[in-house]
Amino acid sequence: MGAEWELGAEAGGSLLLCAALLAAGCALGLRLGRGRGVADRGALIWLCYDALVHFALEGPFVYLSLVGNVANSDGLIASLWKEYGKADARWVYFDPTIVSVEILTVALDGSLALFLIYAIVKEKHYRHFLQITLCVCELYGCWMTFLPEWLTRSPNLNTSNWLYCWVYLFFFNGVWVLIPGLLLWQSWVELKKMHQKETSSVKKFQ
């Protein structure tokens with residue numbers, strides 16, 4: 001196996017931390033979703049993982065960026081962002097666009113994820129309003145993270161290594177496009193069903 005396919009200690013540690021958060025999200029989501037349908041259990045798993053990432057990983061990133069930068073910081077979370085910074089250098093040194101998006105992501109998206117978890121578990125009428133709002137915010141965050149970079153021909157992105165290109169950039173960011181997209185579709189389908197049910201009921205009494 002060539003050196004370009006080998007995982008270093010930093011990469012391995014960062015991926016293990018992400019896997020641990022995913023395991024925690026799965027455990028919490030399955031516990032909260034007991035007795036519910038497959039779609040809602042899947043949504044709860046994702047939302048628990050989403051909230052954990054926003055608060056446990058991106059929250060410290062915002063703090064480190066506001067008091068200095070990741071490059072000059074130490075600790076487990078700083079080492080994770082330094083590793084990701086090998087793929088996207090904007091996360092290592094203070095980038096106003098990235099930090100601005102992440103402040104919004106942590107404060108708004110993280111809070112919305114928690115409220116949506118509550119709405120699903122308690123079967124609140126505003127569940128799909130929150131779900132649509134959160135998904136649009138997540139997609140907007142991805143758009144603003146990468147479009148400015150692409151418009152300037154991606155000077156900060158490193159796609160020369162399979163890990164940086166396909167795992168760090170494509171997979172980890174693609175998940176935050178794919179799953180919010182699926183949840184938007186779920187909300188569309190459920191709202192359509194509710195509308196059809198209400199319309200049918202009205203017609204019966206006419």
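If you read the sequence from its start, that first residue is 1, and numbering goes on from there.
Residue Tyr126 qualifies as enclosed at atom OH: its count of foreign heavy atoms under 6.0 Å is above 12. Other residues, nucleotides and ligands place no more than 12 heavy atoms under 6.0 Å from the CZ atom of Phe115.
For the salt bridge (Lys or Arg N to Asp or Glu O under 4.0 Å) condition, the pairs that include at least one residue of residues 39-48, sequence neighbours left out, are Arg36-Asp40, Asp40-Arg127. A ring-ring contact (aromatic ring centres under 6.0 Å, His included) check over residues 12-51, counting only residues at least two apart or in different chains, returns the pairs Trp46-Trp176, Tyr49-Trp176.
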Test Val167 against Trp162 for side chain to side chain contact (heavy atoms under 4.5 Å, CB included), laying out the working first. CA-CA 7 Å; Val167 179; Trp162 71 272; 3.8 Å; yes
Start with the C-alpha gap between Leu17 and Leu57, add the side-chain angles, then the distance that decides, and say whether side chain to side chain contact (heavy atoms under 4.5 Å, CB included) holds. CA-CA 10 Å; Leu17 179 56; Leu57 298 185; 4.0 Å; yes
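Side chains of Asp50 and Glu138 form a contact here, defined as non-hydrogen atoms less than 4.5 Å apart. The shortest distance between side-chain heavy atoms of Val106 and Phe55 falls below 4.5 Å. The shortest distance between side-chain heavy atoms of Leu32 and Leu47 does not fall below 4.5 Å. Contact annotation: the side chain of Val70 never approaches that of Ile77 to less than 4.5 Å [non-hydrogen atoms, C-beta and beyond]. Under the 4.5 Å side-chain criterion, counting only non-hydrogen atoms from C-beta, Cys18 is in contact with Leu80.
Linking Ile, Leu, Val, Met, Phe, Trp and Tyr residues whenever their side-chain heavy atoms come within less than 4.5 Å places Ile132 and Met194 in a single cluster. Under a hydrophobic clustering in which Ile, Leu, Val, Met, Phe, Trp and Tyr are joined whenever their side-chain heavy atoms come within less than 4.5 Å, directly or via other members, Leu15 and Leu169 fall into the same cluster. By the rule that hydrophobic residues join a cluster once side-chain heavy atoms approach within less than 4.5 Å of another member, Val101 and Leu147 end up as members of one cluster. Criterion: ILVMFWY side-chain heavy atoms under 4.5 Å apart, direct or through other members. Under it, Leu178 and Trp185 are not part of a common hydrophobic cluster. Hydrophobic clustering keeps Leu44 apart from Val189 (ILVMFWY residues linked when any side-chain heavy atoms are closer than 4.5 Å, directly or through intermediates).
Taking CG of Leu191 as the start and CD of Gln186 as the end, the distance is 10.0 Å to the nearest 0.5 Å. Rounding to the nearest 0.5 angstrom, the gap separating the CG atom in Leu76 from the CH2 atom in Trp81 is 12.5 Å. To the nearest 0.5 Å, atom OG1 of residue Thr133 and atom CG of residue Leu184 are 9.5 Å apart. Put simply, CZ on Arg90 and OG1 on Thr145 are 6.5 Å apart, with the number rounded to the nearest 0.5 Å. Atoms OG1 and CD, on Thr105 and Glu58 in that order, are 5.5 Å from each other to the nearest 0.5 Å. Atom CG of Leu64 and atom CG of Asp74 lie 10.0 Å apart (nearest 0.5 Å).
For the ring-ring contact (aromatic ring centres under 6.0 Å, His included) with Trp91, the lone residue among Phe172, Tyr84, Tyr168 that qualifies is Tyr84.
The existence of a salt bridge linking Lys82 and Glu10 is excluded, since no basic side-chain nitrogen approaches an acidic carboxylate oxygen closer than 4.0 Å.
Between Ala24 and Leu52 the shortest heavy-atom distance is CB-CD1, 3.9 Å. Contact between Pro180 and Cys135 at its shortest, heavy atoms only, is O-SG, 3.4 Å. Annotation for Glu83 and Ser14: closest pair CB-OG, 3.5 Å, computed over non-hydrogen atoms. Counting all heavy atoms, side chain and backbone alike, Phe94 lies closest to Asn69 at N-CB, 4.1 Å. Considering every non-hydrogen atom in both Val99 and Ser65, the closest pair reads CG2-CB, 3.7 Å. Of all heavy-atom pairs spanning Cys48 and Gly29, the tightest one is SG-N, 3.8 Å.
Looking at Glu190 and Gln131, their side chains never bring a donor and an acceptor atom within 3.5 Å of each other.
Between the side chain of Asn156 and the backbone N or O of Ala89, no donor-acceptor pair lies under 3.5 Å.
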